[in-house]
Amino acid sequence: MSVRLTYEDGTIRVDAPEGAVDSLPPLPGVEADPRTGNGRAPAHRYAAIRRALSVAGLHVEDRVLDLPALDLSTAYDLREYQREALDAWRDADDRGVLELPTGAGKTVIAIEAMVELGTPTLVVVPTIDLLEQWATELEAEFDVPIGRFGGGTQRQEAITVSTYDSAYLKAEDVGDAFGLVVFDEVHHLGGEGYRDIARLLAAPARLGLTATFERPDDAHEVVAELVGDRAYSVDVDDLAGEHLAPYDVRRIEVELTPAERERYDAKQSTFVEYVREAGITFTNGSDYQELVKRSGNDPRAREALLAKSAARDIMMNAERKIERLASILDRHREDRIIVFTAHTDLVYRLSERFLLPAITAETGAEERREILSRFRDGTYGRVVAANVLDEGVDVPDANVAVVLSGSGSEREFTQRLGRILRPKDDGGRAILYELVSAETAEERVADRRR
DNA sequence: TTGACTCAACATCCTTTGCTACAA
DNA sequence: TTGTAGGTTTCCATGTTGAGTCA
């Protein structure tokens, strides 16, 4: 008996002769389609279905992928840990996630994987900036045209780079055109909508790259199912000193002013009292969602949330943080500094007071390029940014970071730290200052991200 | 082609506790 | 008496991004 596999709009269609689908061994993800009398599975099950059919000793007429072999080569020589990472991925049947810190050379590993597999490849990235970086790198490395989905162009080639958004729109149409898919910053794939990208593609080989695989909402489990488990992981501290700059993190506690303290305590207790009365325990992650839900029709819940938000503003934008920043800027006159905040308002205030070039979400692409280019060539020695420079932008090297405020996200912290870890010519140490308001919830927030 | 706009998607947002109605 | 479930269609606010539309 011969089983036929076909790709159809993001699914794998399974046909057996005489409608003998019922007599097939159980196949991963395949369900009977009562209308057509055949079996059907989401496309990402393709590799597993092939394996199951092969184990069962059935003959397969495979019409899913019909891909040309690519003859690629690269001049790159992998470092030892890069080689180990790639080998681990290959040992896991060309599936899985590599967890490496920013600056460890994830792109190089992906390029080597493409050379070894020699199959059409789709690279999926979160931003247009990254799309350009990857495309430029691949064009320089391989002597083939590189396609682009995103940023206004939709051109498909054997090797194509796409944004997550465009990949989401195109996956159904191109799901049978690639043998390998590389997800850069693969933690994004845990997003409710984005995970469909991986479901609709038939590509048997899947490589995920990230500096922080785990997600607070546990969606990395979904990512592991779609791309493969974490195959290799190396920590910043394993590379610091050799391939990355050695670094120090200095936490500086700052007192609230009496006026700030009074307002903070009032707002915080409004929140805490409501939480206590409502019996919300925050024992699991969804409790906060529960509170948000309530605030839709319970005015007191809404008031509590607004109070919490006001308290957060006070502790994150505390006056004395700005004073401490002044002395840090003074001490590091000769250094290259990036100042990070959580609020755009504060970015503009700091920009005005210390004459720092500012970048926020409101900064246009052209102006942003200009600022970063001047930071790169040394015209500017310091910049202040909101959450913009956290990921997906090629930020010139700095050696001092000042985190004035941030979330409890481990990912955000890792990315900000990564901004100062490119090895220094003089072998110098990088420093990250973390300003935290004493005796506020910010102490917990700061603990959580480390 | 560009620039300004809107829209949708995604991420973060968190604390020290214990109710109430109903079915079996 | 004991065990269990308890919104249905999420979504307080802020920040960031990519895609699409229109002039």
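In what follows, chains are A, B, ... by sequence order, proteins preceding strands, each numbered from 1.
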Taking the [atom1] atom of each, how far is [N] from [M], in whole Å?
| N | M | atom1 | result |
| --- | --- | --- | --- |
| B:dA21 | C:dG7 | C1' | 16 Å |
| C:dT14 | B:dC13 | C1' | 10 Å |
| C:dT10 | B:dC10 | C1' | 15 Å |
| C:dC12 | B:dT12 | C1' | 13 Å |
| C:dC11 | B:dA11 | C1' | 13 Å |
| B:dC19 | C:dT8 | C1' | 22 Å |

Could [X] and [Y] be called an ion pair, given the rule that one side-chain N must be under 4.0 Å from one carboxylate O?
| X | Y | result |
| --- | --- | --- |
| A:D313 | A:R263 | no |
| A:R320 | A:E253 | no |
| A:D447 | A:R444 | no |
| A:K321 | A:E434 | no |
| A:R261 | A:D265 | yes |

Taking [atom1] from [X] and [atom2] from [N], how many angstroms apart are they, rounded to a whole number?
| X | N | atom1 | atom2 | answer |
| --- | --- | --- | --- | --- |
| A:L131 | C:dA19 | CG | C1' | 13 Å |
| A:E362 | C:dT14 | CD | P | 13 Å |
| A:K308 | C:dA13 | NZ | P | 17 Å |
| A:D313 | C:dT14 | CG | P | 8 Å |
| A:I280 | B:dC19 | CD1 | P | 15 Å |
| A:E277 | B:dG18 | CD | P | 11 Å |
| A:R448 | B:dT16 | CZ | P | 14 Å |
| A:E132 | C:dG18 | CD | P | 11 Å |

Distance-only donor-acceptor check, side chains [X] and [Y], under 3.5 Å:
| X | Y | value |
| --- | --- | --- |
| A:W89 | A:D94 | no |
| A:Y81 | A:D238 | no |
| A:D248 | A:Y433 | no |
| A:T107 | A:E137 | no |
| A:T11 | A:R40 | yes |
| A:Y274 | A:E303 | no |
| A:Y348 | A:E362 | yes |

Regarding [X], tell me which of base, sugar-phosphate or nothing describes its non-hydrogen contacts under 4.0 Å with the strands shown.
| X | value |
| --- | --- |
| A:V292 | base |
| A:A342 | sugar-phosphate |
| A:R276 | nothing |
| A:S407 | sugar-phosphate |
| A:G279 | nothing |
| A:Q268 | sugar-phosphate |
| A:R215 | sugar-phosphate |

### Query
Contacts to DNA chain B from residues 147-176 of chain A, heavy-atom cutoff under 4.0 Å, which residues?
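When residues 147-176 of chain A is checked for heavy atoms under 4.0 Å from DNA chain B, there are no hits whatsoever.
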### Query
Counting just side-chain N and O atoms, does A:K293 come under 4.0 Å of either OP1 or OP2 of C:dT9?
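Result: no.
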### Query
Would you say a side-chain N or O of A:T281 is under 4.0 Å from OP1 or OP2 of B:dT15?
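False: A:T281 side-chain N/O out of range (4.0 Å or more) of B:dT15 OP1/OP2.
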### Query
How do A:R312 and A:V272 order along DNA chain B: which one's closest nucleotide is nearer the 5' end?
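Checking each residue's closest nucleotide, the 5'-ward one belongs to A:R312.
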### Message
With nearest nucleotide decided by heavy atoms, which residue, A:R444 or A:P216, maps closer to the 5′ end of DNA chain B?
### Response
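First, find each residue's nearest nucleotide; the 5'-ward one identifies A:P216.
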### Task
Could you tell me which nucleotide pairs with B:dT1 by Watson-Crick or G-U wobble geometry, both distances under 3.5 Å, or answer none if nothing does?
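Across any shown strand, B:dT1 pairs with none.
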### Query
Where each residue is assigned the nucleotide of DNA chain C containing its nearest heavy atom, which of A:R368 and A:Q289 is assigned the position nearer the 5′ end?
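Counting from the 5' end, the first nearest nucleotide belongs to A:Q289.
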#### Entry: Minimum-distance nucleotide to A:H343 side chain [options: B:dT17, C:dT17, C:dT14]
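Nearest to the side-chain atoms of A:H343, counting from C-beta on, is C:dT14.
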#### Entry: Side-chain donor/acceptor contact of A:N297 with base of C:dG7 under 3.5 Å
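Present.
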### Message
With the 90 degree cut-off around zero defining syn, does C:dG7 come out syn or anti?
### Response
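Base orientation: syn.
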### Query
Which of residues 186-199 of chain A sit near DNA chain C, with a heavy atom under 4.0 Å from it?
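Contacting residues: none.
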